[in-house]
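The structure appears right after this line, and notes come after that.
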Amino acid sequence: MSLNPLPLSISRTGGCTLTGALSVTTGINDSVTIIHGPAGCAHHNFSLLHATILDNDCHIIPKVMSSGMSEHDVIFGGEEALMRSIMEVSSGDPGIIFVLSTCITETIGDDVLAVTQNAGVPVCMVPTGGFLGGDFEKGFSSALIAVSNLALPVHPTPGCNQQVRGSVNLIGEKNLEYEVEQNFMEVKRLVSLLDLTINLRFAHNITRSDINRLPLASLNILREPALSGVGDHLQSMFGTPYISSFPLGISGTLSFIRNVAVRSGLSPDEALDSEKEHQEEIFEGFSDLREALVRLTIPAENPEYPLITEISRAIGLRESPDGTVLPVPYPFPVGTSGIKRMLHLWRRTLICRAA
Amino acid sequence: MEEDSYMPGCLNPVWPCALTGAVTALSGFSGIAVVIHGSSGCYFYPATLLHHDLHSTFLVEQEVIFGTSERLVEVVKDLSRTYKKVAVVNSCVPSILGEDIRDILSDYNIIFIDSPGFTGEFESGYLSAVKDLPVCMGQGTDRVNIEGINLIDPFARGNQREAERLLQLMGVPVGTIFCHDSYESLSSTAGFSVTVNPDLSTGYGQELGSFLGLSAIKTTAYSIADRFCKAETRGIENELLMVEERITKAADKYLKRFDPPTAAIFSTCSYSGFAAAILQQYLDADIVYCGLRNEPQISCTPATKVTSLAIIESVIRELAPDLVIGSSFERSVAGDAAFIGLTPPIRGEFRLSSKPLAGTEGELSFMEDILNACMDYQQRKLVK
C-alpha cells in the first residue's frame, strides 16, 4: 500500500474528525449529535460506537442523527435538510444538540454555522468537516474545546473561591478504548492517595448540566500530551492549571503523584512512599520472570522505549537477540495497575514461548 | 412508526452506505486490488468490517484543492505491479469534485465504480459494482453460478458451502461465485445462476431460483433438472423430506408446551421473508413487525423499511414481541425478549463455524436457533 509522505507533516491515516468529535459529544448522555451528511457517515461512526459500548458493557446507546443528505441535497445544498433535522431533534428536548459537519458539506459549501445560529434553539456546532477539517485527534480536541465553552463562566467574587479545592478533572479520556474504566479507576486511586477526588470526567458518562462543574476543580489532568491545546484553553477560560498526561511507567507514575501534589499545594511524601511500596509488592509477584531472555522491538527513539526498559529492569529480565519478543499494548498501560496487567501479559507470552 | 414520517433525518442509522456495498462485492474476488478513493475515515469502516486487505488513496485536504489525479495514479501504479486488476471505488468528495477518473487512469487496467455514500445504501453499491465487473459469459451451459454471497453477512461462508453441496448432490458443476471467487472466474461465467440471497441477484446468467427456504430449494432443484439432463434430484428430495420431518417433529414438541411466539424481524428483504415464512409455517407464529433494511421487493408479510435504531427500539418497546430477530443493534434494545442474530453486524458472541442460512442445513440451523431461543425465553418467564 502506498503511503507517500506529503511535503507537509500531515498523516494520511489519522482517521476522521467526526469519529474524534463523536467520541466526546456522545460522552454527554442527554445530548443528540447531528452529523450533517449522508446516512452512511453516521452509520459508520454509530456502528463503531455501538461496538465499543458492547465491549464496555455499557447500556446507554448514544444518539447520533444523520441529516440524511441525498444526491439532491448535494446538488442543491443541504442546509434545509440540516435545519429540518435540528427542528426534529429539538422537539425531543435533549440536554444539548451538537452539529458536526462532514467533508461533503464542506465541499459543497453549506454554511453550517449560519444554520445553527438561525435555528432558534441552542445548538453547539463543533467545527469538524470530516477529513477536510483534520484527523481524529483534531476532531477530538475541537469537540472538547467546543463543549467546554458551554460551561458557565466563573465570576470571581472577593473572598470566595468557587473552585472546589481537593478535586481534579479528567480531561479527554479515550472513550473508545477498551480499558477506559480501568484507566479511570487507576487515576482515581492515585489521586486519592493525596486525598483528592474526581470533580468531573470531561467528557465521559456525564450530562449537559454536569459541564457547568468544569471550572470548579483545582487541577485538570489531561489524558495525553496531544491535548495540551485543550489544557491551555481551559486554563485561559477558567484559570485551571493542568498536568499533561495520565501516569505512564514506574517513575512516571511517581512523578505524576508528585506533580499533582505540588499543583494542589500538598505534600507528596506519604503518597509516594505508599505507591513505591505497592510497586515493589507487584514486582515481587513477578520474581519468577527474573533472568528471562527478552527482546524489545520498540525503537530507542520511541517515547515508550524508556518506560519499557525501566519495567524490564525492575523485573530483572535480560535483553538478548534470541529473547522472546514482549507485547506492548496500545495505548500504553496507565499507572501501576496498567503495568501489572502488562506483566501478566508478558508472563503468559514467556510461558507460551517456553512451552 | 413508519420511517417515512421520520424523514429526512435518521437517528442512529443501522445500515451501511453504497461505498461499503461496492467494496464488499469487489473484495470478494481474489486478484482484484480494491482502492477506496477517499479519506482514511471512509477506508477504516469497510476495512474493519471485512477484515480484508483493502487499499486507499487516503486523500488529504490539499489533494481536494489541487486535484486528486497525481495521488490516484501513484497508488494505482504501485498496485498494478502486483495485482491482475485494480478496482477504484469513488467516495463522496472525489465524486463531487467530478474528476474524470477513467481518463486519469487510462493507462491502467482498472475497474471504476462511482458509488459514493450519498447515492444510496449497501445493496445499490454492491449491485452497481457487480454490474461493472469485467464478466465474460462463456459457453457455460454446463455449470451454475452461485449468487448472493456477501462477505459482511455472517452466513456468507456457510451459504456458499451449502449451495456448493446441493449442486454437487445434483451432480451439477459450480460456475462463478458472486461475490467470493477468483478474478479469473469472471472470464467464463456460467449461463445459469442460483442464489442464496435474492436481494443480491446480479442478472448474470439465467436465474434458476433460490436455495433460501425448503420450497424454494425444491422448485430450484426441478428448474435445474429441466436444464441439465444429467442432474439428479432424488438426493435433494430425500433431504427435503427428512428436514421437514425433523423440523415438524421439533416444532410440534415445542407447541405442546408453549404458545406460538410473537416475533419482530429486522433484516434485509429476502432474509426477513425467509424468517417470517419458517416461523409461520412451523410454529404458527404471529409476525408482529417486519422491518426491512433495504427496499421491499417481494411481499411475504407486511413490511416497512426501517434503518433507524430509535424507531426499531420504539417498535420493540410498543409491540413487546417474544422473539426479536435482527443484528446486534436490535439485540441491544430487545430487552427481555428472545433474540436470534440474522442481520449484520452480529457482535458480542463468538462465531467460529460456517453456519448457513440457505440450503437444508440452513433451514435446520435457523429453526434450531429459534426453538432454543424461544425455549430459553419461556423458561425464563416461568421462573419469573
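Atom set for the values below is all heavy atoms of this structure, side chains included, hydrogens, waters and symmetry mates excluded. Since this is a predicted model, take the numbers as computed values, not measurements. Each chain gets a letter, A, B and so on, in the order its sequence line appears, and its residues count up from 1.
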> Between CE of A:M65 and OG of B:S308, what distance do you get to the nearest 0.5 Å?
Replying inline: 8.0 Å
> Which members of residues 34-44 of chain A, sorted by number, sit under 4.5 angstrom from chain B on a heavy-atom basis?
Replying inline: A:P38, A:A39, A:G40, A:A42, A:H43, A:H44
> Going by residue number, which parts of residues 45-52 of chain A are within reach of chain B, meaning a heavy-atom gap below 4.5 Å?
Replying inline: A:F46, A:S47, A:H50, A:A51
> Say you draw a straight line from CG of A:D55 to CZ of B:R347; how long is it, rounded to the nearest 0.5 Å?
Replying inline: 9.0 Å
> What residue in B:F122, B:F44, B:W15 has the most heavy-atom pairs under 4.5 Å with chain A?
Replying inline: B:W15
> What part of B:L97 is in contact with chain A, defined as an atom under 4.5 angstrom from a non-hydrogen atom: side chain, backbone, both or neither?
Replying inline: side chain
> Taking atom CG of B:N109 as the centre, does the number of heavy atoms from other residues, nucleotides or ligands within less than 6.0 Å exceed 12?
Replying inline: yes
> Between B:L19, B:L59, B:V35, B:T20, which has the largest tally of heavy atom pairs under 4.5 Å with chain A?
Replying inline: B:L59
> Hey, which of B:P16, B:S91, B:G348 has the most heavy atom pairs under 4.5 Å with chain A?
Replying inline: B:P16
> So which of B:C92, B:G41, B:S39 has the biggest tally of heavy-atom pairs under 4.5 Å with chain A?
Replying inline: B:S39
>> Suppose a student defines contact as a heavy atom less than 4.5 Å from any heavy atom of chain B. Which residues in residues 115-138 of chain A would they list?
In response: A:F131, A:L132
> More than 12 non-hydrogen atoms from neighbouring residues, nucleotides or ligands closer than 6.0 Å to CE on A:M185, yes or no?
Replying inline: no
>> Please check: side-chain N/O of B:N12 versus main-chain N/O of A:P62, any donor-acceptor pairing under 3.5 Å?
In response: yes
> Who among B:P345, B:S328, B:G38, B:G120 has the most heavy-atom pairs with chain A under 4.5 Å?
Replying inline: B:S328
> Hey, does B:L309 have a side-chain heavy atom less than 4.5 Å from the side chain of A:I61?
Replying inline: yes
> Would B:F118 and A:M69 satisfy side-chain contact (heavy atoms from CB on, under 4.5 Å), going step by step from the backbone distance to the final call?
Replying inline: CA-CA 7 Å; B:F118 60 75; A:M69 199 169 208; 5.6 Å; no
>> Can you list the residues of residues 94-114 of chain A that sit under 4.5 Å from chain B, counting heavy atoms only?
In response: A:C103, A:I104, A:T107, A:I108
